[in-house]
Every structure is written in structure tokens, then in C-alpha cells.
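To start, the structure under review is shown below, and the notes come after it.
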Amino acid sequence: MRESDITLLAEEMVEPALSVSGLCFSYPDRPNVLNNITLTVMPGERVGLIGPNGAGKTTFFLSLCGVLKPSAGEVVLLGKSVVNGDFRPDVALVFQNPDDQLFCPSVWDDVAFGPQNTGLSKDEVEKRVSEALATVEGTELAERPVHHLSEGEKRIISVAGVLAMHPRLIIYDEPGANLDIRSRRRLIRLLQCSTETILVASHDLELILEVCNRVVLMDGGGIVADGDPRRVMGNAELMEAHGQEKPHSLLPHQVSHQYPCRPTIARNA
Amino acid sequence: MRESDITLLAEEMVEPALSVSGLCFSYPDRPNVLNNITLTVMPGERVGLIGPNGAGKTTFFLSLCGVLKPSAGEVVLLGKSVVNGDFRPDVALVFQNPDDQLFCPSVWDDVAFGPQNTGLSKDEVEKRVSEALATVEGTELAERPVHHLSEGEKRIISVAGVLAMHPRLIIYDEPGANLDIRSRRRLIRLLQCSTETILVASHDLELILEVCNRVVLMDGGGIVADGDPRRVMGNAELMEAHGQEKPHSLLPHQVSHQYPCRPTIARNA
Amino acid sequence: MKLGLDEYINLDSPFHRWEARYKLIGLITLIFAFSFVRDLRMLLTMVGVTVAIYVISRLPASFMLRRLRFPSFFLLALVLTLPFLSGQTVVLSIGPLDVYREGLLTVVLIAIRFISILTIALVLFATTPLLTTIKAMRALGLPGIMADMALLALRYIQEIGQDLKKMQMSMRLRGFRKRRLSLHGLRTLAWLGGSILVHSYERSEWVYKAMILRGYGHAPHPRAEFQACRRDVVTLGIVLLIAAGFITGDILFGHGTSALLQ
Amino acid sequence: MHIPDGILPISVNAGGYAATAAVTWYSIRKIKQKENPREGIPKASLLTAAFFVVSWIHIPVPPTSVHLVLNGLLGALLGYYAFPAILIGLFFQAVMFGHGGLTTLGINAVIMGLPAILAYYIFRLRKLGSKESPKQDGAFDFLAGAVAVGVSVAIFVGILVTNLPADFISAAAERAAIYTMAIAHLPLLGIEGAITSLLVVFLRRVRPGILDGV
Ligand SMILES: Nc1ncnc2c1ncn2[C@@H]1O[C@H](COP(=O)(O)OP(=O)(O)OP(=O)(O)O)[C@@H](O)[C@H]1O
Ligand SMILES: Nc1ncnc2c1ncn2[C@@H]1O[C@H](COP(=O)(O)OP(=O)(O)OP(=O)(O)O)[C@@H](O)[C@H]1O
Ligand SMILES: [Mg+2]
Ligand SMILES: [Mg+2]
């Protein structure tokens, strides 16, 4: 048995969290938004997805969740093929704009919305909600009306709404947009501490660099690079060819900004 | 005559573009959002305004333009006191969310809206519009409906709408939000090349660092620091005390990212 | 939801070239003349004129069929009821049901008028951007407040429509299914609608600020300028003549389906 | 609940236009009497757009689904801007979707708009009650929503049945048609009332200012 075979075997034993093969998608008035995308993500990986506006990141995410129906190819999530229109509680998507996701009158209602739809008992729902709120350090927001929160708080609550469903794969579509530095830092910490498999699309390359252990560069509906974040994003030529920039922190030295994962105690640190 | 007197005299000879003294503001349900703000900006300065969410940056801007009526204090813009509700074509504000500002159905209409209201002739309006569109490199967008533009294009057009009024002071409220890296770079170049006095609020400190020659740090409705960008933002202690971070590019070395200001020729460079 | 009206505004035809104000006057008059017609012989002429106009406009037939699908439900309801309810002369008996000749003729009359008017309206609105049409209406005397409201509403319908679509998507992804009617479901939909209203309300406050900062109401907003050439006027003349022809013809022929009933 | 082109005699259409012109003229006069008439325009326009979009939401009523009308709530939120707003909404509906019609625009505006104004007054009646009572408020909200749609249905059915160009329709058939149509719309009234009161509860909780009118 050769070495490569052994690796192959080892990989096959762990079922991938996500495996996409030959995925294509067209909007009615815009063909080939996704071109033959093939990607495998193993459980526990944190994959960053970068690429210019219109690269197809959001479209890709929506096809993964079964909201859009691909014109070709297959998506297998956690060992089960995705069927268009099917509801998969183990996969969750955090939308780019929290306002698209938050519509209940109070924070509590909103976080409870998902668990209630999966038909859990009342106690179970309550437990899920308080757990999720504690994880994002938002317990004291519970009774507040969603529409009066600050941008950063809205983002945090939309993440809680997704966590409460206990997904095993979470997809974040540009989670850093519109956040101030303190909220962004809190989000980064949250992402760094999460135990789920995650996919993050962002234009904030520093955020990707701090959170992800793998990065995928998309352009024109296809994947043009895939690998270690420091290697891919450190390749100035590649990055510029696809409308990106080498992140500042990769420029002269590498400065680690990794914050320790702390248990949830105080919010107003 | 002592030296300080001479400086004083010299400063008084050039009329400040903006002079705010003792400005206070309260929302009906939220008192003291602005606390006794005093600030003088000389013509040609590019002032960055930084501070955490809720510091009062947007509120400050709206009071400067006369949209909100301050409870105390005075704002003098270009030598004339601001009266609440007055229309001042020489001062313009670019809103945080371009969708709030682009209320006309087509790009051309939107850019023309301001000049038309200043009572210019039809030819003059047309000239202003094409000039403004050329400056932002958006000439070919003229006939497009606004809601079909990408985020980056929307931002660029909202800047054009403001430039077409030929203001002498432009206020940008978080112009970098939601932009991809290419559009952000284009925006930075545009700001660097502008000849007007500008005020820019942003959470993107690298953008401030590249554009501004002075920075003002706000927190809790007051100004807590004011001075050279590298000095203020390089002061890690100060920055962290107000929920900010020292920008990456100020961390180990200083790397200049200044692009040359080019005349507007090709867009697809 | 896709509005798809502006799909064919870039074609080239006499109707696309016709100046918006004249087109509006001409085709609206024609539409009202059509709604006046009650004589079956004039109906046949109406079909001819309608087909001719649609062909000249160079809009594809598939477009027309697509647009007909939705409003046809009402027509279907009429077709299924009127022939059985209205009239005296039985032409056919289906089991216990009698089909009356008068009801049948009424259905034919309504259906032809309906389809013809819909077609002309389609030519009117699919050959000019809706935006230009509203500006033409203002130029023709629509009150400024109405025109401003229409333009702003048009601008934001599509924006808010996209928001609704995204919100419904996110609800589906969190397991919301609205198959049954339940209080929980109704409440959720009310929350969805309410959120859209609140977002729009809050956005309108910002829009107002942005408008006054650029001088809204400071100077009278110039009316969009339209320039008509001779051809526009001639076309209007022809269309008005056709419209007049329908009205006089209908009156001359004795005004009614009764002409064919004898 | 919009009457399409080609069904009504031209006299009824003309009457509808006359009534619509009169009410619109009166509304605009009232708007212009405000201190700053332009202030309400963005609010009214964006809410018009929002109501237009909200009417796309399907409410499941097995075996089919219905659309929301919500003209009662629209009246309550927009006040004097309500009638022009409805006119504009109907115009867009006719032009974009072929829903309703151009010749019947006037009569359709009467069908939708007059009940909206009526609902506006029902909502205001509630304010007369001095005590805060959520139950009573809810009842008024339900009533405003249901009555608005109910009156719309009544005008709609009335116009349709009396004006069908059927010279020979029997009185019995006519009565049967009216009853069938009215009964078919009953669930709609209940749903409109329920949604209206749920919506008002939501708005009062989240953004009370919105209910004070434009
Ligand atoms: N509903 C739609 N109908 C038609 N075209 C669409 C639709 N949504 C997106 N597109 C187009 O598909 C392409 C990919 O869009 P997508 O939103 O997936 O890009 P993205 O990578 O998420 O960009 P961004 O960084 O701006 O979020 C774009 O060119 C866009 O214009
Ligand atoms: N219309 C309003 N009514 C009441 N309070 C308001 C209103 N607008 C803002 N505030 C409050 O005033 C404070 C200052 O808000 P402002 O929007 O000026 O902050 P900002 O510095 O612009 O924040 P951001 O970085 O999030 O844009 C905040 O606490 C906010 O909650
Ligand atoms: Mg996207
Ligand atoms: Mg702000």
C-alpha cells in the first residue's frame, strides 16, 4: 500500500461535512453565475471564502442550503444530498444584512423562532434560547425589541438565532459588514471559539485571517485558489489578479491577533 | 508682538471652513447625545472622525448640516451661521446607506436632483452631471436604474450626486461600508484627489489613515482627541480606552499605500 | 418578484419612437373607445386593429401570452357562470344545466374587449419606461404631489420587494412552512409584514433628510421636457380617428349585441 | 378584488373616475394645507411601496392562498395621503401585473380607497376611549381591518352584479350570485381583521410613532 492510498483511506473514514461536485447555477436573466464548483470541507474546518463583488459567493451559499436549485452538480451536506426546498436544521445561514433575518418583535422571540419551527417542546426551546444568548453574550438583550438594537447587537442576535437551531455547519455571509471595532472583535472571538464547521464569506481579509484555517478564493463563479490562508492571501500577484489586496498584517511581519477564548462571564469588559 | 499672536493673526485671516462652538444635542427620548462640541476646520483639511457605535458621529454630521436642531451652541459653515431647515448648497453630506440617498429612479436623475434644486439652467445641470459622473468614473452608469447597481456602484453614484452640487465642504458618513476591496480602493483614490474640505467618519481606520491629514476621536458625544492621524491612532492606550484598535499598518512598520492621483481616463484599468 | 415590464423597451418600432405624452393620450383614448363598443361586428374590427397594433409594436407574442395568464382567472370565472345564468334562449343543454345564447354572447363580448384593452395597455406601457410615462403624466397635468409619490414609490417597490424575498428565504431556512392556517403562522406573517412597514418607515425618515439636504422643495422641480415632432402629431391624429370610428360605428350599428340576436 | 377592463359600461367607469378625481383633489388640498406639505411625501411614498409589497405575501387558506389587502391599516397609517397612495398602488398593479385595469382605475380606487378612509376614522375612535385596554384596542383594530375589507367587498359585488351587461339575468340568479360572492369573501374578512390587529400590536410594540399618521 502506497502512502497516498493511506491518506485517501483515512480521509474517507471521516465523512466530509460538505461535499460539492460540479455545481453550476444560472439566474433566469444571468447565465453561469456558478461554474462547475467542486469543494470538500471536513468537519471542524473553518473555511474563508473571498472574492470580489459579484463573484458568486452569496449565490453559492444559497445553493448549498437548498434555497436555489442548481442547474447541474450535487451538494452533499453531512452525508445527505441536498434537495431543493428541503429544510435542513443542521445547516444554517447568517445573512449579510441582519435586517433580512430579524423580524420578530423581541430578541427572545427571534432566537426562539427556529427551534419552535422544528417542533421542540416549550422547555427545550427555552433552554436552547438561553444557551444561544449566553454564547453570544447577549443574555440581557432578551426582552429588547429587535428593531432598536445597534448594528453590532443585531448581528450578534442573528448569530444567536442560528446557533439555537444547533446546526453542525454554519455559513456566514459577510458577517463583519457595518460593525464597529469592538463588535467586530467580539464577532471574531465568537467565530474563533465556535466548534461547528464554518464557512465565512467576507471582504474583511484580516477577519478571515484571524478566524479561518483554510481559504477559498472565488472569481467569476469559479474557485481560483484554495489552501492555507497565509499562503493564498500572502500571494500578492494572485490576490491582485482577482481584485483583492494582500492584507496589511501579512505585509511586513506577521502579527498574531488571536485572542484567548474566554468563557462567557462579563460583557462589558 | 509674541509669536503666538502672529499665528493667531494668520489663522484669523483665512476664514475657517467650519467652526462649531459648544454644540449640544438631545433626541426626545435620549438626552445629551452631543455634549458641548467645539471644533474648527480650516479650508482644505481632510478630517477623519472615528469613534465607537453610538458615539454620536452621525448625529454630529446632521447637526452640522442643519437637519437636526441643536439644543445649544452654534455652527458656522463657510462664514455663515447654520439655520435649522435652511438649504446650503455649499455643504453636502454623503449618507451611510446609499439607498437612503439615491431616491431617484435613474442614476442621471439622481445626480441632477441637487443642481436642479439650486435653480440652474438645463444646460448647466447637464454639464454638472456629466462632470460629476466623469470624476467618479461612472459615466456609463448614467442611464441605469438605481436599484440594479451593485453596492460599490451605488456608493460612487451617491458621491457623484453630492459633487454635482459643487459643495465646498463634503461630509462622508462611513463611506467604506459594504465595499469590496476594488471599490474601496477606488473610493480612497477619489477622496485623496478631492480638492474640497472633507470630513470622513469611518470604522475603517486604514481608510482614514490613507485619506486624512487630521483625525478627531469621539466617544460619548464629546471629542476626546484631535490631531495628527499617526499620532492619535498610533496611541494604543488612547485607542483602546475608546473601543478602537491601533490600525494594522501602524503596528510594526508604516507602509504607504498612497496611489498616484490619475486623471480620469479608463475605468477598467 | 420580477416586474419584467421593461424587458422590451429597447426594441425599435413606431410605438417605441412615439413621444410619450402623445402616446399616452392616443392609446388611452383608444382604450376608452374600446370599452364603449357593444356591437359584435365592431368587435371583429377591434380584434383586427388590436392585432395590427401589436404586430407593429414588434413585441413578441409570447410576452402577451405570459401577461394574459394572471388576469385571465377573472375571465374564466365569467365563462363558467354567465352562459348558465343569463338569458332566455337555450342553445345547448349539458345535463341539468342550460346554456343560454345571450349569456354566451355576453361572455364573448367581455372577453374580446378585455383582451383587446389589455393588449393596447401592454403596448402603451411596455414600449416606454414606466418612469418616462409618469413624467409624461406630470407634463400633462398630474399634480406634483402625485407624481413625486409615484416616482418614489416606484423606486422603492423593487428595493422593498427584494427585502421581502430575502426575509422569506431566511424564514424558510429556519424551518418556517406556511401550509396550514394557524394563529402562530398568521402572527409570524403579520410580523413579517410589520417589519417591512417599520423598515420602510424608518428609511423614509432618512430619505427625507437626504432630499432636503439636496434642496427638495427649494426650487420648483423642472418638468421633464418632451419634444414632439410632426410624426408624433400625425400618429396621434390617426389613432384618434380610429377611436372616433369605433364610437360612431357602434352607435350607427344600433348599439348592442341585439343586432346579432335577430 | 379589482374589476378588470372590458366589463363595466363606460358610464360607470366615468363615474368612478369622477368620484376618484374629487376625492383625490380634496386629499391633495388637505395635504397642501399642512405646514410643510413635502414632509409627508417620502413617508407616504415608501409606505405605499411597502403596502404594495406586503400584498404579495400569501396567506395559506387551504386548499388555496389569499393575498392581503390591508386597506384599513393603510388608511390608518397614511391619513389624507391614503387615497392618492391607493390610486398609485392600483395604477402600478394594473400596469405591472394586469391586475385591475386602466378604464376601471377610478372605480377600483373607490372600492379600495373609501373604506380606507372609513377605517381611518374607526382607528381614531379608539383613541376616544380614555382607559388603556389592550383587549378593546385589539377589537377596534380587528374591526377596522375587517370593516374596511368588508365594505370593499360590498361595493365590489354590488357594482359587478348590477352592471354586468346581461339584459336577461333573472332576479333569483342575481341574488344567488351576490350571496355566493359575499360568502366566498367571508374568510377573507376574518383573516384581514386578524392580521390587522396582529400587525397593529406589533407596530405599537416596535415603533409606536408610526401609528400617529403621517
Ligand atoms: N436574483 C438575481 N437575479 C439575477 N442576477 C443575480 C441575482 N442575484 C445575484 N445576481 C448576479 O449574480 C452574480 C453573483 O452574485 P452574488 O450575490 O452571488 O455575488 P457575491 O459574490 O455574493 O457578491 P458580493 O460580494 O457583492 O456579496 C452577480 O453578477 C449578480 O449581479
Ligand atoms: N432618531 C433617534 N432617536 C433617538 N436616539 C437616537 C436616534 N438616532 C440615534 N440615536 C442615539 O444617539 C446616539 C448616537 O447615535 P449616532 O447615530 O450619532 O452614532 P454614530 O456615532 O453615528 O454610530 P455608528 O458608528 O453606529 O454610525 C446612539 O446612542 C443612538 O442610539
Ligand atoms: Mg454576497
Ligand atoms: Mg453613524
Side-chain angles (χ1 to χ4, degrees), chain C residues 1 3 5 28 31-32 35-36 38 67 70-71 74 82 85-88 100 102-103 106 109-110 113-114 117-118 121 125 130 143 145-146 148-150 152-154 156-157 160-161 164 178-181 185-187 189-194 196-198 200-201 203-204 207-208 211 216-217, chain D residues 4-7 10 13 24 28 31 37-39 41-54 56-62 68 70 77 84-85 87-89 91-92 94-99 101-103 164-169 173 177 191 194-195 198-199 202-203 206-207 210:
Chain C
M1 182 165 303
L3 304 175
L5 245 194
I28 293 273
I31 283 174
F32 273 95
S35 77
F36 190 76
R38 306 189 68 189
R67 302 281 306 181
F70 186 45
F74 196 90
L82 263 189
L85 291 180
S86 163
Q88 296 167 322
Y100 297 103
E102 293 82 358
T106 309
L109 173 81
I110 288 179
R113 271 200 325 214
F114 169 79
I117 292 179
L118 206 77
F125 292 111
L130 197 46
I145 288 182
M146 297 277 295
D148 283 1
M149 275 178 72
L152 260 180
L154 181 63
Y156 283 97
I157 280 174
I160 298 171
L164 174 72
K178 40 171 198 187
R179 289 209 193 90
R180 285 170 301 118
L181 186 64
L186 273 188
R187 201 186 57 179
L189 291 176
W191 288 353
L192 173 67
I196 287 191
L197 292 178
V198 169
S200 313
Y201 183 83
R203 174 175 276 179
S204 79
V207 169
Y208 180 62
M211 289 174 84
Y216 183 55
Chain D
D5 283 315
I7 292 193
I10 196 158
N13 284 334
T24 309
I28 289 181
I31 291 170
R38 288 180 190 270
E39 196 184 345
I41 288 181
K43 218 165 272 177
S45 316
L46 266 80
L47 285 177
T48 305
F51 273 103
F52 192 90
V53 168
V54 168
W56 296 346
I57 300 177
H58 292 270
I59 306 292
V61 183
L68 291 175
L70 292 185
L77 295 195
L87 187 57
I88 288 169
F91 173 71
F92 284 147
V95 168
M96 291 172 179
F97 307 122
H99 209 150
L102 284 179
T103 54
L164 277 182
D167 306 325
F168 308 97
I169 199 159
I191 287 173
I195 291 261
L198 287 168
L199 251 165
F202 177 87
L203 294 178
V206 165
R207 196 73 165 81
I210 201 174

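By convention in this document, chain letters (A, B, ...) are assigned in the order of the sequence lines, proteins followed by strands, and residues within each chain are numbered from 1. Because the structure is a prediction, the values reported are computed rather than measured. Computation of the quantities below employed the complete heavy-atom set of this structure, encompassing side-chain atoms and omitting hydrogens, waters and symmetry-equivalent molecules.
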Subject >> Heavy-atom pairs under 4.5 Å with chain D, option from C:F125, C:W191, C:Y208 with the top count >> reply: C:Y208
What is the minimum heavy-atom distance between [X] and [Y], and which atoms define it?
{"X": "D:P42", "Y": "C:L152", "value": "CA-CD1, 3.9 Å"}
{"X": "D:L46", "Y": "C:S200", "value": "CD2-O, 3.6 Å"}
{"X": "C:F32", "Y": "D:T103", "value": "CZ-CA, 3.9 Å"}
{"X": "C:M146", "Y": "D:I88", "value": "O-CD1, 3.7 Å"}
{"X": "D:L47", "Y": "C:L197", "value": "CD2-O, 3.8 Å"}
{"X": "D:A49", "Y": "C:A153", "value": "CB-O, 3.7 Å"}

Subject >> Residue D:L68 versus chain C: region with a heavy atom under 4.5 Å >> reply: neither
Subject >> Per-residue contact mode, D:L70 against chain C (heavy atom under 4.5 angstrom) >> reply: neither
Roughly how far apart are [X] [atom1] and [Y] [atom2], rounded to 0.5 Å?
{"X": "C:I157", "Y": "D:M96", "atom1": "CD1", "atom2": "CE", "result": "4.5 Å"}
{"X": "D:F52", "Y": "C:L154", "atom1": "CZ", "atom2": "CG", "result": "9.0 Å"}
{"X": "C:L130", "Y": "D:F92", "atom1": "CG", "atom2": "CZ", "result": "5.5 Å"}
{"X": "D:D5", "Y": "C:I110", "atom1": "CG", "atom2": "CD1", "result": "12.0 Å"}
{"X": "D:T48", "Y": "C:M149", "atom1": "OG1", "atom2": "CE", "result": "4.0 Å"}

Subject >> Closest-packed option against chain C by number of heavy-atom pairs under 4.5 Å, given D:V206, D:L102, D:N13, D:L203 >> reply: D:L102
**OP:** For residues D:I41 and C:M211, determine if any side-chain heavy atom of one lies less than 4.5 Å from a side-chain heavy atom of the other.
**Re:** no
Subject >> C:Y201 six-ring centre to D:R207 NZ/CZ under 6.0 Å and within 45° of normal >> reply: no
Subject >> Atom group of C:Y156 that falls short of 4.5 Å from chain D, counting heavy atoms >> reply: both
Subject >> Residue among D:L198, D:I59, D:V54 satisfying side chain to side chain contact (heavy atoms under 4.5 Å, CB included) with C:L189 >> reply: D:I59
